[in-house]
Colleague: 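Structure incoming, see below.
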Amino acid sequence: MPCVAFSLNGIFSQLAALLTDRGIDMTTAALVVSTMGISMLMARVLIGYIVDKLFAPMVAVAVFILVLAGVCLLIYGQHLSLYIIAAILMGVGIGTESDLMVFLTGRYFGLRHFGTIFSWVFIAHMTGTSLGPYIMGSSYDLHGNYIPILQVCLGLLALSTVLFAFLGRYDQYTRREK
């Protein structure tokens with residue numbers, strides 16, 4: 001999850017700057033960022049409902065494939081409509097990541113030591129969240145554009161998506177507690 005937090009929060013923090021750098025006026029860039037926020041809100045409710053019905057790691061894979069598509073649109077897109085779609089797709093990822101983190105920690109580690117385990121998971125998540133915006137901005141300062149760091153984010157998100165696909169059944173871990 002730190003790779004997801006790093007990538008998505010880094011992109012979210014720099015999205016307006018990225019868009020204005022590509023010639024989008026500040027008002028429109030703010031609208032695109034707002035679209036991402038609305039998408040985050042809607043994803044929390046919708047994906048939360050879906051995770052209660054389906055196997056959460058596969059839901060995560062589906063969500064992060066959408067996020068990967070969004071990052072690709074940011075890297076290769078040349079039109080405002082593509083940036084709006086990218087913002088919506090990445091908003092779904094940001095709206096889902098922390099909810100999945102809590103849900104999966106509980107499912108895979110149970111509740112017996114949930115507080116301790118989740119605090120370490122949350123520290124890793126917040127480390128990614130904290131470093132993402134700083135490194136994203138520093139990369140822009142170094143390269144003069146966001147493409148190299150967006151490509152790094154794409155790789156980190158792809159790695160995370162593949163790792164989610166390899167998560168096993170929940171009950172094989174929590175049965176040991178009883």
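What you are looking at is a predicted structure, and each value in this text was computed from that prediction instead of being measured.
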Colleague: Do you know which two heavy atoms are closest between Leu156 and Cys3, and how far apart they sit?
Modeller: CD2-SG, 3.8 Å

Colleague: Under 4.5 Å between any side-chain heavy atoms of Leu154 and Cys72, yes or no?
Modeller: yes

Colleague: So, do Val67 and Thr161 sit near enough that their side-chain heavy atoms are less than 4.5 Å apart?
Modeller: no

Colleague: Is the backbone N or O of Ser81 less than 3.5 Å from a side-chain atom of His79, with the two atoms forming a donor-acceptor pair by type?
Modeller: yes

Colleague: Going by the side-chain contact (heavy atoms from CB on, under 4.5 Å) test, name the single residue among Leu100, Val92, Val162, Val59 that passes it with Phe64.
Modeller: Leu100

Colleague: Are the side chains of Glu97 and Asn9 in contact, using a 4.5 Å heavy-atom criterion?
Modeller: yes

Colleague: Rounded to the nearest 0.5 Å, what separates atom CG in Leu159 from atom OG in Ser7?
Modeller: 10.0 Å

Colleague: Taking Leu73 as the starting point, is it possible to reach Met40 by hopping between hydrophobic residues whose side chains are less than 4.5 Å apart?
Modeller: no

Colleague: Would you call Val32 and Ile24 a side-chain contact if the rule is heavy atoms closer than 4.5 Å?
Modeller: no

Colleague: Within the 4.5 Å heavy-atom criterion, are Tyr76 and Leu82 side-chain neighbours or not?
Modeller: no

Colleague: Taking atom CG of Leu19 and atom CG of Leu80, what is their separation to the nearest 0.5 Å?
Modeller: 8.0 Å

Colleague: How close do Ala86 and Gly70 get, counting heavy atoms only, and between which atoms?
Modeller: CB-O, 3.2 Å

Colleague: Within the structure provided, determine whether Ile50 and Leu46 are in side-chain contact (heavy-atom separation under 4.5 Å).
Modeller: yes

Colleague: Check whether any side-chain heavy atom of Phe6 lies under 4.5 Å from a side-chain heavy atom of Thr129, and answer yes or no.
Modeller: no

Colleague: How long is the span from the NE2 atom in His143 to the CG atom in Asp141, to the nearest 0.5 Å?
Modeller: 10.5 Å

Colleague: Around Met42, counting heavy atoms of other residues, nucleotides and ligands shown, do more than 12 lie under 6.0 Å from its CE?
Modeller: no

Colleague: Does either side chain, that of Gln14 or that of Tyr146, offer a donor lying less than 3.5 Å from an acceptor on the other one?
Modeller: yes

Colleague: Is atom OH of Tyr134 surrounded by more than 12 heavy atoms (other residues, nucleotides or ligands) closer than 6.0 Å?
Modeller: no

Colleague: Under a plain distance cut-off of 3.5 Å, with no hydrogens placed, do Asp25 and Thr28 share a side-chain donor-acceptor pair?
Modeller: yes

Colleague: Looking only at heavy atoms, what is the nearest atom pair of Ile147 and Arg22, with distance?
Modeller: CD1-NH2, 3.4 Å

Colleague: Quick one: CG on Leu167 to CG on Leu104, what's the gap to the nearest 0.5 Å?
Modeller: 6.5 Å

Colleague: Can you measure from CG (Leu89) to CD1 (Ile94) and round to the nearest 0.5 angstrom?
Modeller: 11.5 Å

Colleague: Sort and list the pairs that fulfil ring-ring contact (aromatic ring centres under 6.0 Å, His included) and have at least one residue in residues 8-59, not counting sequence neighbours.
Modeller: Phe55-Tyr170

Colleague: Between Phe114 and Ile117, is there a shared hydrophobic cluster once you connect ILVMFWY residues whose side-chain heavy atoms come closer than 4.5 Å?
Modeller: yes

Colleague: Side-chain atoms of residues 118-127: list all donor-acceptor pairs with protein atoms under 3.5 Å, sequence neighbours left out, distances to 0.1 Å.
Modeller:
| unit_1 | atom_1 | unit_2 | atom_2 | d |
| --- | --- | --- | --- | --- |
| Ser119 | OG | Gly115 | O | 3.4 |
| Ser119 | OG | Thr116 | O | 2.7 |
| Thr127 | OG1 | Ile123 | O | 2.8 |

Colleague: Listed by chain and number, what are the salt bridge (Lys or Arg N to Asp or Glu O under 4.0 Å) partners of Arg44, not counting sequence neighbours?
Modeller: Asp99

Colleague: Taking all heavy atoms of Ala165 and all of Val61, pick out the closest pair and write down the distance.
Modeller: N-CG2, 3.6 Å

Colleague: Is Met36 reachable from Leu66 through a run of hydrophobic residues whose side-chain heavy atoms are each under 4.5 Å from the next?
Modeller: no

Colleague: Would Leu163 end up clustered with Phe109 when hydrophobic side chains under 4.5 Å apart are linked, directly or stepwise?
Modeller: no

Colleague: If we only count heavy atoms from C-beta on, is the Leu74 to Tyr83 side-chain gap below 4.5 Å?
Modeller: yes

Colleague: Please say yes or no: joined through hydrophobic side-chain contacts below 4.5 Å, possibly via intermediate residues, are Val102 and Ile47 part of one cluster?
Modeller: yes

Colleague: Would you say Ser13's side chain and Gly10's backbone share a donor-acceptor pair under 3.5 angstrom?
Modeller: yes

